[in-house]
Amino acid sequence: EPEVTQTPSHQVTQMGQEVILRCVPISNHLYFYWYRQILGQKVEFLVSFYNNEISEKSEIFDDQFSVERPDGSNFTLKIRSTKLEDSAMYFCASSELLGHTEAFFGQGTRLTVV
Amino acid sequence: AQTVTQSQPEMSVQEAETVTLSCTYDTSESDYYLFWYKQPPSRQMILVIRQEAYKQQNATENRFSVNFQKAAKSFSLKISDSQLGDAAMYFCAYRSPKAAGNKLTFGGGTRVLVKP
(Lines give C-alpha, C1' and ligand atoms only; values in the text may rest on other atoms or scores of the structure.)
Protein backbone atom coordinates (compact mmCIF):
# COMPACT_ATOMS: atom_id res chain seq x y z
CA GLU A 1 0.00 0.00 0.00
CA PRO A 2 1.39 3.44 -0.92
CA GLU A 3 2.45 5.56 2.00
CA VAL A 4 3.87 8.96 2.86
CA THR A 5 7.46 8.71 4.01
CA GLN A 6 9.21 11.24 6.23
CA THR A 7 12.89 11.57 7.09
CA PRO A 8 14.47 11.79 9.55
CA SER A 9 12.28 10.25 12.24
CA HIS A 10 14.02 12.33 14.88
CA GLN A 11 16.09 15.49 14.47
CA VAL A 12 17.94 17.29 17.22
CA THR A 13 19.22 20.75 16.44
CA GLN A 14 20.79 23.68 18.20
CA MET A 15 18.70 26.79 18.69
CA GLY A 16 19.32 29.20 15.84
CA GLN A 17 20.21 26.50 13.33
CA GLU A 18 18.33 25.74 10.16
CA VAL A 19 16.62 22.38 9.66
CA ILE A 20 15.05 20.73 6.65
CA LEU A 21 12.40 18.11 7.14
CA ARG A 22 11.82 15.83 4.20
CA CYS A 23 8.76 14.03 2.91
CA VAL A 24 7.97 11.81 -0.03
CA PRO A 25 4.23 12.03 -0.68
CA ILE A 26 2.22 9.30 -2.36
CA SER A 27 3.17 9.40 -6.02
CA ASN A 28 -0.15 10.28 -7.68
CA HIS A 29 -1.17 12.81 -5.03
CA LEU A 30 -1.42 16.45 -5.93
CA TYR A 31 -1.87 18.21 -2.58
CA PHE A 32 0.76 18.29 0.12
CA TYR A 33 0.58 19.51 3.68
CA TRP A 34 2.60 20.09 6.79
CA TYR A 35 1.07 19.87 10.25
CA ARG A 36 2.65 20.34 13.64
CA GLN A 37 1.88 18.77 17.01
CA ILE A 38 3.52 20.18 20.09
CA LEU A 39 3.74 17.50 22.78
CA GLY A 40 0.39 17.04 24.49
CA GLN A 41 -1.42 19.47 22.23
CA LYS A 42 -3.64 19.26 19.18
CA VAL A 43 -2.45 18.81 15.63
CA GLU A 44 -2.16 22.20 13.93
CA PHE A 45 -2.21 23.02 10.24
CA LEU A 46 0.86 24.81 8.94
CA VAL A 47 0.66 24.94 5.16
CA SER A 48 -0.80 23.34 2.08
CA PHE A 49 0.89 23.20 -1.32
CA TYR A 50 -0.51 22.58 -4.75
CA ASN A 51 0.83 23.08 -8.26
CA ASN A 52 4.16 24.28 -6.94
CA GLU A 53 2.80 27.02 -4.78
CA ILE A 54 1.35 27.55 -1.34
CA SER A 55 -2.46 27.22 -1.33
CA GLU A 56 -3.01 28.22 2.25
CA LYS A 57 -0.93 28.85 5.34
CA SER A 58 -1.73 29.36 8.97
CA GLU A 59 -0.60 32.20 11.19
CA ILE A 60 2.04 29.83 12.58
CA PHE A 61 3.68 29.63 9.17
CA ASP A 62 5.64 32.87 9.27
CA ASP A 63 8.81 33.96 7.48
CA GLN A 64 10.79 31.45 9.50
CA PHE A 65 9.20 28.63 7.51
CA SER A 66 9.33 27.72 3.85
CA VAL A 67 8.28 24.77 1.74
CA GLU A 68 9.58 23.42 -1.51
CA ARG A 69 9.09 20.60 -3.93
CA PRO A 70 12.60 20.52 -5.34
CA ASP A 71 12.52 17.50 -7.63
CA GLY A 72 8.97 16.31 -8.27
CA SER A 73 9.03 13.66 -5.57
CA ASN A 74 10.25 15.28 -2.37
CA PHE A 75 8.38 17.88 -0.38
CA THR A 76 10.42 19.76 2.22
CA LEU A 77 9.78 22.02 5.15
CA LYS A 78 12.62 24.37 6.05
CA ILE A 79 12.75 26.09 9.40
CA ARG A 80 15.28 28.91 9.58
CA SER A 81 16.84 29.94 12.86
CA THR A 82 15.02 27.40 15.00
CA LYS A 83 13.60 28.36 18.39
CA LEU A 84 12.97 26.21 21.44
CA GLU A 85 9.22 26.47 20.82
CA ASP A 86 9.65 24.86 17.40
CA SER A 87 10.18 21.54 19.19
CA ALA A 88 7.29 19.38 18.06
CA MET A 89 6.23 16.48 15.90
CA TYR A 90 5.95 17.54 12.27
CA PHE A 91 3.64 15.59 10.03
CA CYS A 92 3.63 15.60 6.27
CA ALA A 93 0.43 14.58 4.49
CA SER A 94 -0.79 14.28 0.95
CA SER A 95 -4.13 13.89 -0.80
CA GLU A 96 -5.19 13.05 -4.29
CA LEU A 97 -7.78 15.68 -5.05
CA LEU A 98 -9.25 18.78 -3.55
CA GLY A 99 -12.16 18.19 -1.22
CA HIS A 100 -13.17 14.65 -1.94
CA THR A 101 -10.41 12.49 -0.61
CA GLU A 102 -8.78 12.11 2.73
CA ALA A 103 -5.25 13.11 3.60
CA PHE A 104 -2.72 10.38 4.28
CA PHE A 105 -0.15 11.17 6.90
CA GLY A 106 3.48 10.21 7.25
CA GLN A 107 4.88 8.81 10.45
CA GLY A 108 6.16 12.20 11.53
CA THR A 109 9.51 13.79 12.33
CA ARG A 110 10.18 14.60 15.95
CA LEU A 111 12.11 17.87 16.06
CA THR A 112 13.93 18.72 19.27
CA VAL A 113 15.53 22.15 19.54
CA VAL A 114 18.10 22.44 22.33
CA ALA B 1 -13.49 29.84 11.30
CA GLN B 2 -14.37 26.27 12.07
CA THR B 3 -13.63 24.83 15.48
CA VAL B 4 -13.67 21.24 16.66
CA THR B 5 -14.17 20.28 20.30
CA GLN B 6 -13.55 16.97 22.00
CA SER B 7 -14.79 17.27 25.55
CA GLN B 8 -13.38 14.00 26.87
CA PRO B 9 -9.61 14.13 27.51
CA GLU B 10 -9.54 10.42 28.37
CA MET B 11 -11.85 7.42 28.19
CA SER B 12 -11.30 3.99 29.65
CA VAL B 13 -12.93 0.82 28.34
CA GLN B 14 -12.79 -2.84 29.22
CA GLU B 15 -11.56 -5.14 26.49
CA ALA B 16 -14.48 -6.40 24.34
CA GLU B 17 -16.72 -3.57 25.56
CA THR B 18 -17.93 -0.51 23.69
CA VAL B 19 -16.77 3.08 24.08
CA THR B 20 -18.13 6.24 22.50
CA LEU B 21 -16.04 9.34 21.89
CA SER B 22 -17.75 12.67 21.45
CA CYS B 23 -16.93 15.45 19.02
CA THR B 24 -18.74 18.67 18.29
CA TYR B 25 -17.87 21.27 15.72
CA ASP B 26 -18.86 24.74 14.74
CA THR B 27 -19.41 25.73 11.13
CA SER B 28 -21.70 27.82 8.98
CA GLU B 29 -21.20 25.57 5.97
CA SER B 30 -23.71 22.97 4.82
CA ASP B 31 -21.26 20.75 2.99
CA TYR B 32 -18.11 19.46 4.64
CA TYR B 33 -16.21 16.34 5.65
CA LEU B 34 -15.58 14.87 9.07
CA PHE B 35 -12.90 12.40 10.05
CA TRP B 36 -11.65 10.39 12.98
CA TYR B 37 -7.92 9.78 13.12
CA LYS B 38 -6.16 7.38 15.46
CA GLN B 39 -2.71 8.19 16.84
CA PRO B 40 -1.09 5.18 18.56
CA PRO B 41 2.07 5.52 20.66
CA SER B 42 4.10 5.47 17.44
CA ARG B 43 2.42 8.87 16.83
CA GLN B 44 1.52 8.22 13.23
CA MET B 45 -1.89 9.59 12.24
CA ILE B 46 -4.11 6.83 10.86
CA LEU B 47 -7.48 7.49 9.30
CA VAL B 48 -10.21 5.50 11.04
CA ILE B 49 -13.38 6.69 9.38
CA ARG B 50 -14.81 9.55 7.33
CA GLN B 51 -18.25 11.06 6.87
CA GLU B 52 -19.55 13.37 4.18
CA ALA B 53 -22.04 15.88 5.57
CA TYR B 54 -24.45 15.43 2.66
CA LYS B 55 -24.86 11.74 3.50
CA GLN B 56 -27.49 10.96 6.10
CA GLN B 57 -26.30 7.42 6.59
CA ASN B 58 -23.74 7.02 9.33
CA ALA B 59 -20.37 5.66 8.21
CA THR B 60 -19.17 2.28 9.44
CA GLU B 61 -15.78 0.60 9.22
CA ASN B 62 -15.73 -2.81 10.84
CA ARG B 63 -15.85 -2.20 14.62
CA PHE B 64 -15.87 1.57 14.19
CA SER B 65 -19.03 3.54 13.53
CA VAL B 66 -20.12 7.13 13.82
CA ASN B 67 -23.25 8.88 14.96
CA PHE B 68 -23.49 11.97 12.79
CA GLN B 69 -26.06 14.51 13.94
CA LYS B 70 -25.82 17.37 11.48
CA ALA B 71 -28.33 19.68 13.14
CA ALA B 72 -26.59 19.27 16.47
CA LYS B 73 -23.13 19.49 14.82
CA SER B 74 -22.12 16.33 16.58
CA PHE B 75 -19.93 13.51 15.29
CA SER B 76 -19.30 10.76 17.81
CA LEU B 77 -17.19 7.64 17.28
CA LYS B 78 -18.23 4.28 18.66
CA ILE B 79 -15.65 1.55 19.06
CA SER B 80 -17.28 -1.84 19.52
CA ASP B 81 -15.64 -4.98 20.87
CA SER B 82 -12.64 -2.92 22.00
CA GLN B 83 -9.24 -4.50 21.56
CA LEU B 84 -5.92 -3.74 23.20
CA GLY B 85 -4.67 -2.37 19.90
CA ASP B 86 -7.36 0.30 19.99
CA ALA B 87 -5.52 2.09 22.78
CA ALA B 88 -4.46 5.42 21.29
CA MET B 89 -5.26 9.10 20.99
CA TYR B 90 -8.27 9.73 18.78
CA PHE B 91 -8.68 13.01 16.95
CA CYS B 92 -11.80 14.33 15.33
CA ALA B 93 -11.18 16.54 12.31
CA TYR B 94 -13.17 18.82 10.01
CA ARG B 95 -12.50 19.80 6.45
CA SER B 96 -14.32 22.25 4.25
CA PRO B 97 -14.42 21.35 0.56
CA LYS B 98 -14.32 25.06 -0.24
CA ALA B 99 -11.15 25.93 1.60
CA ALA B 100 -8.40 26.74 -0.85
CA GLY B 101 -5.86 24.83 1.12
CA ASN B 102 -7.93 21.76 1.88
CA LYS B 103 -6.75 21.86 5.45
CA LEU B 104 -7.94 19.74 8.35
CA THR B 105 -8.97 21.35 11.62
CA PHE B 106 -8.43 18.98 14.54
CA GLY B 107 -9.99 18.68 17.95
CA GLY B 108 -7.87 18.36 21.05
CA GLY B 109 -8.01 14.59 21.13
CA THR B 110 -9.32 11.86 23.44
CA ARG B 111 -7.01 9.26 24.90
CA VAL B 112 -8.55 5.78 24.93
CA LEU B 113 -7.27 3.29 27.47
CA VAL B 114 -8.22 -0.37 27.02
CA LYS B 115 -8.16 -2.56 30.12
CA PRO B 116 -7.54 -6.28 29.65
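Below, chain A is the first sequence line, B the second, and so on; all start at residue 1.
- Between A:Glu44 and B:Phe106 the shortest side-chain heavy-atom distance does not fall below 4.5 Å.
- If you tally non-hydrogen atom pairs under 4.5 Å between each of B:Gly107, B:Ala93, B:Gly109 and chain A, the highest count goes to B:Gly107.
- Atom CG of A:Asn28 has more than 12 neighbouring heavy atoms from other residues, nucleotides or ligands inside a 6.0 Å radius.
- Counting only heavy atoms from C-beta outward, the side chains of B:Leu104 and A:Tyr33 never approach each other to under 4.5 Å.
- If you measure heavy-atom distances from B:Tyr37 to chain A, the contacts under 4.5 Å come from the side chain alone.
- B:Tyr54 and B:Phe68 are assigned to two separate hydrophobic clusters, defined by single-linkage of ILVMFWY side chains at heavy-atom distances under 4.5 Å.
- With contacts defined as side-chain heavy-atom distances shorter than 4.5 Å, the pair B:Arg43/A:Leu39 qualifies.
- Using a 4.5 Å cut-off between non-hydrogen atoms, the part of residues 83-94 of chain A that approaches chain B consists of A:Met89, A:Phe91.
- In this structure, no portion of B:Gln6 lies under 4.5 Å from any heavy atom of chain A.
- The number of heavy-atom neighbours closer than 6.0 Å to CZ of B:Arg111, taken from other residues, nucleotides and ligands shown, is 12 or below.
- Note that NZ of A:Lys57 is 13.0 Å distant from NZ of B:Lys103, once rounded to the nearest 0.5 Å.
- Within 6.0 Å of CD on B:Gln57 lie no more than 12 heavy atoms contributed by other residues, nucleotides or ligands.
- Criterion: ILVMFWY side-chain heavy atoms under 4.5 Å apart, direct or through other members. Under it, B:Val66 and B:Ile79 are part of a common hydrophobic cluster.
- Of all non-hydrogen atoms in A:Lys42 and B:Phe91, the two that sit nearest each other are CA-CE2, 4.4 Å.
- Smallest separation of non-hydrogen atoms from B:Met45 and A:Val43: CE-CG2, 4.0 Å.
- Contacts of residues 105-114 of chain A with chain B at a heavy-atom distance below 4.5 Å involve A:Phe105, A:Gly106, A:Gln107, A:Arg110, listed in sequence order.
- A continuous path of Ile, Leu, Val, Met, Phe, Trp and Tyr side chains, each step under 4.5 Å between heavy atoms, connects B:Met11 with B:Phe64, placing both in one hydrophobic cluster.
- Under the 4.5 Å side-chain heavy-atom criterion for ILVMFWY residues, no single connected hydrophobic cluster contains both A:Val19 and A:Val12.
- For B:Lys70, the NZ atom sits in a packed shell: over 12 heavy atoms of surrounding residues, nucleotides or ligands are nearer than 6.0 Å.
- One hydrophobic cluster, built from ILVMFWY side chains closer than 4.5 Å, cannot hold both A:Leu21 and A:Val24; they sit in different ones.
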